[in-house]
Amino acid sequence: MPGGSPLAPYDALLVVSFGGPEKPDDVIPFLENVTRGRDIPRERLVEVGEHYFALGGRSPINDQCRAFLSAVRVDLAGHGLDIPVYWGNRNWHPFLADTVARMTRDRVRRAAVLVTSAYSSYSGCRQYREDLYDAVAATSGAPRFDKLRHYFNHPGFVDAVVDHTVTALESLAAEKPQRAVRLVFVTHSIPTVMAHGAGPSGDAYVTQHRNAAALVADGVRAATGVTAEWDLVYCSRSGSPRTPWLEPDVNDHLAALRESGTTSVVLVPIGFVSDHMEVIYDLDTEAAATAADLGMTLRRAATAGVHPSFVSMVRDLLAERAGVERGEQVRRQAPGIGSPSWDTCLSTCCPNPRGPRPALCEVPTANVAAS
């Protein structure tokens, strides 16, 4: 851009993630942070904690964030974009409040925010924005923050998942070359009331996942020439059994598929951007054991991770939003189904199930269409 940075008005990028324990002593305090205010019995925390202890008491998510941050920095620098990239977590070190304080000391004035969740929901969007509000409120002179749009249908995300799914299919074909394979897209279950409230018009969580899954299935067909049937299922349900959550559970669905004659499945963790606990335990451990008991052949596709298309997506979203803020006409990438997501959330979308709390990066009213 003549006369200035192509990323102006932004002078920093903040990546916000969930966080995870890095040693056994961290596990229960981390889980207490995650479940604070939700009245989860301690015995349930201890039960979930065993999933982490089975992996040495260390979640892989922070190491994956470090790898992602490094790849993003290399990509930005390789395109001549000199902008610092910060990292803050909701539930473990580096905590978001500490990172906002550091950015303030570094005299950051305005930062774009990338959340490591591609979809609309309370837990995947608004809760991050509530925590960002709290972090800014606790820091005098904090920067202004703008959250980058949801990227479930951005080609950088979709292409990464397509490539990893094709790799899983090729691995399966090498073992069972004549066998039809079903794609089972998996995401985190949430309470149905939360799903119904997602997005400015409701039900965006499921709609966006189905759109993303359809795009990936189309991409797989284009890459392989094979049309595979697919389903969207859920994992990682928690909370009271009396509260309805999105179904079917991945394990129940595998049993139903086997009953109907399906013997080969590729699990595609479409709801996750990295191979963290819900993927490694719920899919690689529990679902894999279910498939083995059922006599099914199963492969699990990798998440987007540090795939070059996913990494370069961050640069595209950052440049796109910078152009919007400068009042320019910008090209928004969103292939096939639906349309690019909105830039700024409505104050009424993705409501907090425990009651209203202030959140950053929103407007009281706007004429915004849900995708």
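The structure displayed is predicted, hence computed values, not measured ones.
Sorted by first and then second residue, the ring-ring contact (aromatic ring centres under 6.0 Å, His included) pairs involving residues 219-239 (not counting sequence neighbours) are Phe185-Trp230.
Defined by atom type and a distance below 3.5 Å, a donor-acceptor pair is present between the side-chain atoms of Thr187 and Tyr205. Defined by atom type and a distance below 3.5 Å, a donor-acceptor pair is present between the side-chain atoms of Asp146 and Tyr10. Of the N and O atoms on the side chains of Asn251 and Thr290, at least one donor lies less than 3.5 Å from an acceptor on the other residue. At a cut-off of 3.5 Å, with distance as the only test, no side-chain donor of Thr262 or Arg182 sits close to an acceptor on the other residue.
In this structure, Arg126 pairs ionically with Glu130, as a charged nitrogen and a carboxylate oxygen lie closer than 4.0 Å. For Asp343 and Arg332, the salt-bridge test passes: some basic side-chain N is under 4.0 Å from an acidic carboxylate O.
No continuous path of hydrophobic side-chain contacts links Ile280 to Phe272 [ILVMFWY only; heavy atoms under 4.5 Å]. Grouping the Ile, Leu, Val, Met, Phe, Trp and Tyr side chains by contacts below 4.5 angstrom, directly or via other members, places Val265 apart from Ile270.
Partner of Arg102 under the side-chain contact (heavy atoms from CB on, under 4.5 Å) criterion, chosen from Thr104, Asp106, Asp98: Asp106. A side-chain contact (heavy atoms from CB on, under 4.5 Å) with Val266 is found for exactly one of Thr297, Val220, Val184, Leu169, namely Leu169.
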Show me the donor-acceptor pairs within less than 3.5 Å that the side chains of residues 59-67 make with the rest of the protein, sequence neighbours left out.
from: Ser59; atom 1: OG; to: Ile61; atom 2: N; distance (Å): 3.1
from: Asn62; atom 1: OD1; to: Asn89; atom 2: ND2; distance (Å): 3.3
from: Asn62; atom 1: ND2; to: Gly20; atom 2: O; distance (Å): 3.2
from: Asn62; atom 1: ND2; to: Glu22; atom 2: OE2; distance (Å): 3.0
from: Asn62; atom 1: ND2; to: His93; atom 2: O; distance (Å): 3.3
from: Asp63; atom 1: OD1; to: Arg58; atom 2: NH2; distance (Å): 2.9
from: Asp63; atom 1: OD1; to: Arg66; atom 2: NH1; distance (Å): 2.8
from: Asp63; atom 1: OD2; to: Arg58; atom 2: NE; distance (Å): 3.3
from: Asp63; atom 1: OD2; to: Arg58; atom 2: NH2; distance (Å): 3.2
from: Gln64; atom 1: OE1; to: Ser274; atom 2: OG; distance (Å): 3.1
from: Gln64; atom 1: OE1; to: Asp275; atom 2: N; distance (Å): 2.9
from: Gln64; atom 1: NE2; to: Asp275; atom 2: O; distance (Å): 3.0
from: Arg66; atom 1: NH1; to: Glu22; atom 2: OE1; distance (Å): 3.3
from: Arg66; atom 1: NH2; to: Glu22; atom 2: OE1; distance (Å): 3.4
from: Arg66; atom 1: NH2; to: Glu22; atom 2: OE2; distance (Å): 2.8

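Put simply, CG on Asp252 and CG on Leu257 are 11.0 Å apart, with the number rounded to the nearest 0.5 Å.
Residue-environment remark: CZ (Phe95) exceeds the threshold of 12 foreign heavy atoms within 6.0 Å.
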